[in-house]
Enquirer: 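This is the structure I have questions about; it appears just below.
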Number of protein chains: 2
Amino acid sequence: MANAKKIEDAELLQRLSTVFKNYGYEGASLTIMSVATGLKKPSLYHRFPNGKEQMASETLSFIRAWLAEHISVLLEEELPPQKRFANFIREMNGLYEGGNESCLLNMLTLPRHNASSLGKAISDIMMQLIFTLSTLAQTAGISKEWADHNAEQVLIELQGALVICRGLNNSAPFERMLQRLPTILFNEH
Amino acid sequence: MANAKKIEDAELLQRLSTVFKNYGYEGASLTIMSVATGLKKPSLYHRFPNGKEQMASETLSFIRAWLAEHISVLLEEELPPQKRFANFIREMNGLYEGGNESCLLNMLTLPRHNASSLGKAISDIMMQLIFTLSTLAQTAGISKEWADHNAEQVLIELQGALVICRGLNNSAPFERMLQRLPTILFNEH
DNA sequence: GTCTATAGTAAGATAGAC
DNA sequence: GTCTATCTTACTATAGAC
């Protein structure tokens with residue numbers, strides 16, 4: 001006790017996540033992150049000794065944990081697959097604030113062939129999402145081939161809609177995309 | 001005559017385009033652009049007096065002109081709509097090198113609510129693409145409502161697939177996406 | 001754990017010669 | 001039109017006090 005109050009890790013990473021989503025890796029300066037978190041730069045280095053790269057890395061881990069808690073659990077619920085996917089869509093709508101927020105997995109991308117640990121984390125999260133969605137589709141009776149294909153398409157639509165919404169400064173494409181997602185995941189032609 | 005050779009504008013913008021696609025706006029430093037173009041920084045400022053923002057702006061104009069020449073012309077050809085869309089897909093496959101290149105419209109995005117001229121240019125290009133694709137779909141007999149919806153979805157799939165391919169460091173999702181594009185554009189349920 | 005103060009570096013941008 | 005050399009600023013990062 002006695003010393004200055006420690007900001008909760010979750011709150012800290014939540015705020016860093018917002019900065020990275022809005023500014024990207026290169027655009028997220030320590031000054032911006034200092035303002036966003038209320039911590040001065042030396043305090044940020046106290047929490048993240050390896051600096052900016054560690055801030056990004058831990059932010060990605062934070063998001064991965066959030067997804068594991070809110071998304072992967074969908075597989076275990078005692079609900080019909082279509083209901084579970086409706087819950088997934090609701091979670092995505094909240095995570096991206098109805099299309100008004102960008103995705104970390106896109107904004108934290110570094111130049112190609114940059115063998116940073118961030119790249120592997122991003123790739124891992126994407127593969128985990130595809131695996132989860134494919135499993136859900138297979139639970140609904142979709143063949144493995146189609147389930148894999150459809151799960152990939154769901155992720156593509158999510159990411160693409162966020163790019164378009166940011167470009168057009170209009171969240172309507174995201175809302176329309178969410179509408180058609182169930183048809184996409186459970187499609188078998 | 002006599003003075004040092006001037007690099008062609010098209011070649012210059014082509015190389016800047018590659019840098020912006022790979023590094024994004026913030027990540028594209030003048031040093032990187034100097035190396036990529038073979039021009040020292042003062043020479044870049046001679047061509048672009050307003051600096052980096054003008055480089056990005058003119059690069060977007062360059063891409064817009066390229067699209068107008070290679071894409072919008074698809075509307076005028078004397079070919080059945082499906083053939084024209086196949087040509088569009090071929091052009092997109094080349095533009096993004098089979099899924100191995102990112103899209104300028106995504107990589108040049110600045111923080112939200114940044115009222116730069118770049119934002120309007122990106123928005124204009126996206127709307128032009130949607131308009132062109134919707135017109136093509138309507139030529140094939142699709143209703144205006146569905147044509148608009150499908151055109152937007154085509155753009156979403158293109159952008160989303162590029163994000164996923166970069167994240168997974170694998171171009172296969174882009175190839176699969178191109179396969180299903182015709183079904184998407186000419187779909188009326 | 002957080003801070004003030006500061007180092008060291010790389011960024012965007014210019015002056016002026018050729 | 002391009003260059004060498006330089007300016008100013010902003011960035012990432014640290015030292016050391018509280």
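Letters go in sequence order (proteins before strands), and every chain restarts at 1.
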Enquirer: In whole angstrom, what separates R47(A)'s CZ from dT12(D)'s C1'?
Expert: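 So the two atoms are 19 Å apart, to the nearest Å.
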Enquirer: Between the side chain of S43(B) and the main-chain N/O of L39(B), is any donor-acceptor distance below 3.5 Å?
Expert: no
Enquirer: Hey, is the side chain of K52(B) poking within less than 4.0 Å of OP1 or OP2 on dG12(C), counting only N and O atoms?
Expert: yes
Enquirer: Counting the atoms with a prime plus P, OP1 and OP2 as sugar-phosphate, which does S43(A) contact under 4.0 Å by heavy atoms, base, sugar-phosphate, or nothing?
Expert: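 Answer is base: heavy atoms of S43(A) come under 4.0 Å of a base.
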Enquirer: Rounded to the nearest angstrom, tell me the gap between atom CD in Q54(A) and atom P in dA13(D).
Expert: 11 Å
Enquirer: Quick one: E26(A) CD to dC11(D) C1', roughly how many Å, whole number?
Expert: 12 Å
Enquirer: Rounded to whole angstrom units, what separation is found between the CD1 atom of I32(B) and the C1' atom of dA11(C)?
Expert: 11 Å
Enquirer: Using OP1 and OP2 only, check whether a side-chain N or O of S29(A) sits under 4.0 Å from dA10(D).
Expert: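 Checking S29(A) against dA10(D): no side-chain N or O falls below 4.0 Å of OP1 or OP2.
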Enquirer: Is there a donor-acceptor pair closer than 3.5 Å between any side-chain N or O of S57(B) and the backbone N or O of E53(B)?
Expert: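 Not a single qualifying donor-acceptor pair exists.
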Enquirer: Can you tell me how far P of dG1(D) sits from CG of L12(B), to the nearest Å?
Expert: 12 Å
Enquirer: Calculate the interatomic distance between L44(B) atom CG and dA11(C) atom P; express it in whole Å.
Expert: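 It is 14 Å, rounded to the nearest whole Å.
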Enquirer: What is the distance, rounded to the nearest whole Å, between atom NZ of K41(B) and atom P of dT14(C)?
Expert: 13 Å
Enquirer: It should be established whether T31(B) places a side-chain nitrogen or oxygen under 4.0 Å from OP1 or OP2 of nucleotide dA11(C).
Expert: yes
Enquirer: Among dA15(C), dT2(C), dA15(D), find the nucleotide with the atom closest to the side chain of L39(A).
Expert: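 Per side-chain heavy atoms of L39(A), the pick is dT2(C).
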Enquirer: Output the distance between atom SG (C103(A)) and atom CE (M107(A)), rounded to the nearest 0.5 Å.
Expert: 10.0 Å
Enquirer: Distance-only, no hydrogens or angles: does the N170(A) side chain make a donor-acceptor pair with backbone N or O of C165(A) under 3.5 Å?
Expert: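 Here the side-chain-to-backbone pair does not exist.
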Enquirer: Measure from the side chain of L30(B), starting at C-beta and using heavy atoms only, and say which of dG12(C), dA15(C), dC3(C) lies closest.
Expert: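 So the side chain of L30(B) is nearest to dG12(C).
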Enquirer: Please tell me if H46(B) has a side-chain N or O lying less than 4.0 Å from either OP1 or OP2 of dT2(D).
Expert: no
Enquirer: For I125(A), is there any backbone N or O sitting under 3.5 Å from a side-chain donor or acceptor partner on R64(A)?
Expert: no
Enquirer: What is the separation between atom NZ on K40(B) and atom P on dT4(D), rounded to the nearest whole Å?
Expert: 5 Å
Enquirer: Is Y45(B) close enough to dA13(C) that one of its side-chain N or O atoms is under 4.0 Å from OP1 or OP2 there?
Expert: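 For dA13(C), OP1 or OP2 has a side-chain N or O of Y45(B) closer than 4.0 Å.
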